[in-house]
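Scroll down for the structure; my scribbles are underneath it.
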Amino acid sequence: MAPTIATPISESSNITDFVVTNGNGVKGISEMGLKTLPKQYIQPVEERITVSNILPQESIPIIDMSNWDEQKVSESICDAAEKWGFFQIINHGVPIEVLENVKVATHRFFNLPAEEKRKFSKENSPSNSVRFGTSFSPEAEKALEWKDYLSLFYVSEDEVSALWPSACKDQVLEYMRGSELVIQRLLEALMKRINVKEIDETKESLLRGSKRINLNYYPICPNPELTVGVGRHSDVSTLTILLQDDIGGLYVRGNNDSWVHVPPVSGSLVINVGDALQIMSNGRYKSIEHRVVASGSKNRISVPIFVNPRPCDMIGPFLEVLARGEKALYKQVLYSDYVKHFFRKAHDGKNTIEFAKI
């Protein structure tokens, strides 16, 4: 049943109350069947995507991981991370059933009544590690993004069991466990090219000392051309492992001002380099701007795993990368400071990386 609101939804305070405070999210607006987009979601013209700035003939690499140990697979991973910062992998070893289960669980969570989801909002959540929200950073944004999300920071299995929503926790944990080997193999390949021969305990922490998983929900939008699902940004992770459904809508920055669609490929995972790896590789691997468009016809979901340093880690270019006389492009920064800087502002393309530049 569609949610009801007694006062006009067009007033700014009512939108905030309805969407954020009451936990209805943009899903609640979508289900009201509004014919026009509330003005709070209308993006400036320069932030919208149009046919004129899409490159239809381009696509990011799709890498078949059937034979992990082959040199050409490692080469393809590293080439894609250098040139594109984005690639898709197929035959990666995560069971299709695990991927399908987490998609079903994502829909199940977002189909819960608003009062159930509201238990995990910033004001009500039993833990900072579990957060239901909407848009990206509503306090900092001039125009809101057309997205609801559940963000889960992995601390321990005990915390998962006690605090994560029962509608999705088992499936999410299974997906995270299932992706462990993929992450390890990707990082091993990427490290070899930048002269890091062994991922010791320190490197292990820096590369993947913490993990966060988001369940993203992009409901049907009355005027998708006027808004964004997610604005232009690069991730602050080391790597992001993204599961998308079959609807499409993810775009990555191509040459100049153009955008390249990342088409859904059945059973695939989308991998992208985050800012932390760009910094640690001294710019060898590229963290690329990407964005999501809203859909006027279907509800879309995506499930990214963000593989990160620990908040307490200092990140900077690896000594092995600089060993051949390369000049450091980035200073040492506390990872938690970098992340706070990212969340303090609206999405703004690649500007976050400036925080770490020398």
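Small disclaimer: the values here were computed from a predicted structure and weren't measured. Positions are given from 1, in the same order as the sequence printed here.
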Main-chain N/O of [Y] paired to [X] side chain as donor or acceptor, under 3.5 Å:
X	Y	result
Ser210	Pro309	yes
Ser179	Met176	yes
Asn124	Ser121	no
Asp245	Arg300	no

Sidechain N-carboxylate O distance under 4.0 Å for Lys103, Glu100: yes

Side-chain ion pair, Lys27 and Glu31, N-O less than 4.0 Å: yes

If you count heavy atoms of other groups shown closer than 6.0 angstrom to [atom1] of [X], is the number above 12?
X	atom1	result
Ile358	CD1	yes
Glu354	CD	yes
Asn128	CG	no
Glu97	CD	no

4.5 Å side-chain heavy-atom contact, [X] and [Y]:
X	Y	result
Val236	Phe306	no
His290	Val262	no
Phe110	Asn299	no
Val339	Pro311	no
Ile183	Leu207	no
Pro317	Leu329	no
Cys168	Leu215	yes
Phe86	Val270	yes

Donor-acceptor pair between Ser151 and Asn214 side chains, under 3.5 angstrom: yes

Ser66 and Asp64 side chains, donor-acceptor separation under 3.5 Å: yes

Rounded at 0.5 Å granularity, tell me how far [atom1] in [X] sits from [atom2] in [Y].
X	Y	atom1	atom2	answer
Thr240	Ile271	OG1	CD1	9.0 Å
Arg118	Asn24	CZ	CG	7.5 Å
Trp164	Leu152	CH2	CG	5.0 Å

Steps toward side-chain contact (heavy atoms from CB on, under 4.5 Å) verdict (Leu186, Met65): CA-CA 10 Å; Leu186 289 169; Met65 311 297 267; 3.9 Å; yes

Search all heavy atoms of [X] against all heavy atoms of [Y] and return the closest pair with its distance.
X	Y	result
Gln278	Ser287	OE1-N, 2.9 Å
Ser129	Val155	OG-CG2, 3.5 Å
Val130	Pro165	CG1-CD, 4.3 Å
Phe132	Phe109	CD1-CE2, 3.9 Å
Ala81	Tyr285	CB-CD2, 3.5 Å
Gln88	Ser268	OE1-OG, 2.8 Å

State yes or no: do [X] and [Y] share one hydrophobic cluster built from I, L, V, M, F, W and Y residues joined by side-chain heavy-atom distances below 4.5 Å, directly or via other members?
X	Y	value
Ile241	Ile62	no
Ile77	Ile199	yes
Val228	Leu37	no
Ile220	Phe18	no
Leu173	Tyr175	yes

Steps toward salt bridge (Lys or Arg N to Asp or Glu O under 4.0 Å) verdict (Arg208, Glu180): CA-CA 10 Å; Arg208 56 174 190 157; Glu180 281 294 308; 3.3 Å; yes

Derivation of the side-chain hydrogen bond (donor to acceptor under 3.5 Å, both in side chains) call for Ser237 and Asn308: CA-CA 5 Å; Ser237 57; Asn308 310 311; 4.6 Å; no

Geometric class of the Tyr251/His261 ring pair [parallel <30°, tilted 30-60°, perpendicular >60°]: tilted

side-chain contact (heavy atoms from CB on, under 4.5 Å) between Val230 and Arg291, intermediate numbers included: CA-CA 5 Å; Val230 177; Arg291 60 188 304 171; 5.6 Å; no

side-chain contact (heavy atoms from CB on, under 4.5 Å) between Arg177 and Glu157, worked out: CA-CA 11 Å; Arg177 282 191 194 128; Glu157 301 240 344; 2.7 Å; yes

Qualifying residue for salt bridge (charged side-chain N to carboxylate O under 4.0 Å, His left out) with Glu320, from Lys203, Lys197, Arg193: Lys203

Worked check of side-chain contact (heavy atoms from CB on, under 4.5 Å) between Arg131 and Phe153: CA-CA 9 Å; Arg131 181 66 46 82; Phe153 184 81; over 6 Å; no

